[in-house]
Amino acid sequence: MGSLGAILRHPSDFYPLMKLKMAASNAEKQIPPQPHWGFCYSMLHKVSRSFALVIQQLGTELRDAVCIFYLVLRALDTVEDDTSIPTDVKVPILKAFHQHVYDNEWHFSCGTKEYKVLMDQFHHVSTAFLELGKRYQEAIEEITKRMGAGMAKFICKEVETIDDYDEYCHYVAGLVGLGLSKLFHASGAEDLAPDSLSNSMGLFLQKTNIIRDYLEDINEIPKSRMFWPRQIWSNYVNKLEDLKYEENSEKAVQCLNDMVTNALTHVEDCLTYMSALRDPSIFRFCAIPQVMAIGTLALCYNNIEVFRGVVKMRRGLTAKIIDRTRTMADVYGAFYDFSCMLKSKVDKNDPNATKTLSRIEATQKSCRDAGLRNKRKSYILPSEPRYSFVPVLVLLIILAIFLAQFFASRSSNY
Ligand code: IN0
């Protein structure tokens, strides 16, 4: 749960946080009894926290398929990320991963902590995969094959140009969008979305992660991971790692703002994709990560802390987003709010200010034109007077001390 300090500063976080906590403990009670499904759902909760709750509210058949898809992708990611595996061992595993999912005797030990458990006991994931419907299996196989090949390509290649950046993000996240759209269609609940829109959904999420995780990736041991494209950072510094040094703070923030402006190009496609969804649980599943992403970009923009430590949305705001993202009106409202926050942070002297403002204004226009924003509470403006909870608490404490002293003095008088 959020820290006490954060709750006192944002008292309206309390109720959504409690709701999230209760949903999490209910979900834990619903872990299926069969060992392979039990393993998959407990693993899902370990590796994805709040996102697992959103997966869990999908219809049963689709939920199982998405759970397996998520774990297969996490396993593929674990192989890609493990710097201790020599390239000549790693590349063939990535390329053949789509075949390994059919073989419940296959496993490859790598990764750390819960990811090591996932890899060591991958047979549970394969067993569950083999119980999915044929159309789900085929969608997962096709995407795993394309993603593995794409990851293998980028093992030996750096992200130089913006096209490389879009291509890398396509392999690791855009393809997830294509795969999910196939799974939604296979479930019979949705029409098949155009590939370019599905791709943008993934790119918007992945670019946000890459921006937010700059410091973690650059400080990775034994070797830095670098996803920011040279075509962008070379306009500001000579080496990507120079962005983290204090003497380059001004350039670092300008570069960060350039990266955020690049990510904003996908917003329009994401709104179009989400507005075509019909099933309420699929809608929530897609919309919650997108709202979190625009919120994270608003938080990161012009924020030097990205180069100093972890910049993350407070837990209470995440809980509010999960609680309040139900309809397209909620999404337009949230995108509008976070665009206003972004706009208020743009400095006229930033080299990309005009470009950034025009993208923000395009987003605001889409949200206004839809005419759907409801009378919801804002995420960025305090929805209740800030002073409501804290002074009441202080007053209660003073009253308690006063009463305690009063009774103590009375008893000493007798
Ligand atoms: C995801 C995506 C995801 C969800 C819904 C629709 C999508 C459409 C296109 C592409 C991806 C889509 O969402 C998750 C969200 C997530 O895991 N959140 C984490 C928070 C965090 O900070 O890690 C959580 O713990 O709650 C996501 O980030 N990815 C993902 C992976 C697999 C699937 Cl099936 C869906 C990862 C990525 C790289 C962005 C695709």
Side-chain angles (χ1 to χ4, degrees), residues 1-31 41 44-59 63 205 208 212 274 277 279-300 310-342 344 367 372-400:
M1 217 166 121
S3 71
L4 184 63
I7 295 174
L8 287 176
R9 259 176 277 122
H10 304 274
S12 65
D13 286 2
F14 184 70
Y15 178 61
L17 274 168
M18 288 303 290
K19 256 175 117 172
L20 190 65
K21 188 119 191 82
M22 271 154 70
S25 68
N26 275 340
E28 264 164 51
K29 286 182 209 135
Q30 283 171 28
I31 302 285
Y41 278 98
L44 182 69
H45 282 277
K46 284 197 189 101
V47 297
S48 84
R49 296 185 305 133
S50 45
F51 187 57
L53 298 176
V54 191
I55 295 184
Q56 206 127 16
Q57 44 91 53
L58 293 167
R63 178 177 72 198
L205 299 182
T208 303
R212 182 199 60 192
M274 289 184 278
L277 295 171
D279 179 278
S281 65
I282 295 180
F283 177 80
R284 260 168 68 75
F285 169 77
C286 292
I288 290 168
Q290 296 289 325
V291 173
M292 302 272 291
I294 185 89
T296 304
L297 288 181
L299 206 62
C300 289
V310 186
V311 176
K312 266 203 175 151
M313 241 186 295
R314 61 174 204 277
R315 189 99 184 107
L317 187 52
T318 303
K320 264 187 191 164
I321 291 173
I322 294 176
D323 189 39
R324 296 185 190 167
T325 307
R326 295 182 189 274
T327 65
M328 204 50 211
D330 301 330
V331 169
Y332 285 128
F335 271 70
Y336 193 84
D337 282 353
F338 288 122
S339 302
C340 290
M341 179 172 163
L342 268 167
S344 71
C367 298
L372 272 175
R373 282 177 304 128
N374 47 19
K375 290 189 221 68
R376 42 181 288 290
K377 289 183 224 151
S378 163
Y379 284 124
I380 51 169
L381 304 168
S383 53
E384 67 281 282
R386 275 278 178 95
Y387 44 80
S388 61
F389 187 66
V390 181
V392 170
L393 194 72
V394 172
L395 265 174
L396 281 174
I397 295 170
I398 295 174
L399 193 67

Using atom types as modelled, flag every donor-acceptor pair under 3.5 Å from a side chain in residues 290-297 to any protein atom, sequence neighbours excluded.
unit_1: Gln290; atom_1: NE2; unit_2: Met201; atom_2: O; d: 3.1
unit_1: Thr296; atom_1: OG1; unit_2: Met292; atom_2: O; d: 2.7

Taking all heavy atoms of [X] and all of [Y], pick out the closest pair and write down the distance.
{"X": "Ala298", "Y": "Phe338", "value": "CB-O, 3.8 Å"}
{"X": "Leu20", "Y": "Ala319", "value": "CD2-CB, 3.9 Å"}
{"X": "Ala287", "Y": "Val331", "value": "CB-CG2, 3.7 Å"}
{"X": "Phe335", "Y": "Cys367", "value": "CB-SG, 3.8 Å"}
{"X": "Ala24", "Y": "Leu53", "value": "CA-CD2, 3.7 Å"}
{"X": "Asp13", "Y": "Arg314", "value": "OD2-NE, 2.6 Å"}

Are any side-chain N or O atoms of [X] and backbone N or O atoms of [Y], one a donor and one an acceptor, separated by less than 3.5 Å?
{"X": "Asp323", "Y": "Pro16", "value": "no"}
{"X": "Ser25", "Y": "Met22", "value": "yes"}
{"X": "Gln30", "Y": "Ala27", "value": "no"}

(Q) Under the criterion side chain to side chain contact (heavy atoms under 4.5 Å, CB included), I'd like the reasoning laid out for Arg63 against Tyr41: C-alpha separation, chi angles, the key distance, then a yes or no. (A) CA-CA 10 Å; Arg63 178 177 72 198; Tyr41 278 98; 3.2 Å; yes
If I take atom [atom1] from residue [X] and atom [atom2] from residue [Y], how far apart are they, to the nearest 0.5 angstrom?
{"X": "Tyr336", "Y": "Ser378", "atom1": "OH", "atom2": "OG", "value": "11.0 Å"}
{"X": "Lys19", "Y": "Ile322", "atom1": "NZ", "atom2": "CD1", "value": "11.5 Å"}
{"X": "Ile288", "Y": "Ser50", "atom1": "CD1", "atom2": "OG", "value": "8.5 Å"}
{"X": "Phe285", "Y": "Thr325", "atom1": "CZ", "atom2": "OG1", "value": "14.0 Å"}
{"X": "Met274", "Y": "Leu277", "atom1": "CE", "atom2": "CG", "value": "8.5 Å"}
{"X": "Met313", "Y": "Lys320", "atom1": "CE", "atom2": "NZ", "value": "12.0 Å"}

**Q.** Residue list, side chain to side chain donor-acceptor pair (under 3.5 Å) with Lys312, at least two apart or on another chain
**A.** none
Q.
Before you tell me yes or no, could you show the steps for Asp330 and Thr327 under side chain to side chain contact (heavy atoms under 4.5 Å, CB included), namely the whole-Å CA-CA distance, both residues' side-chain angles and the distance that decides it to 0.1 Å?
A. CA-CA 5 Å; Asp330 301 330; Thr327 65; 3.3 Å; yes
Q. Taking C-beta and beyond as the side chain, do Ile7 and Leu17 meet within less than 4.5 Å on heavy atoms?
A. yes
Q. Can you check whether Leu58 reaches Arg284 side chain to side chain, under 4.5 Å on heavy atoms?
A. no
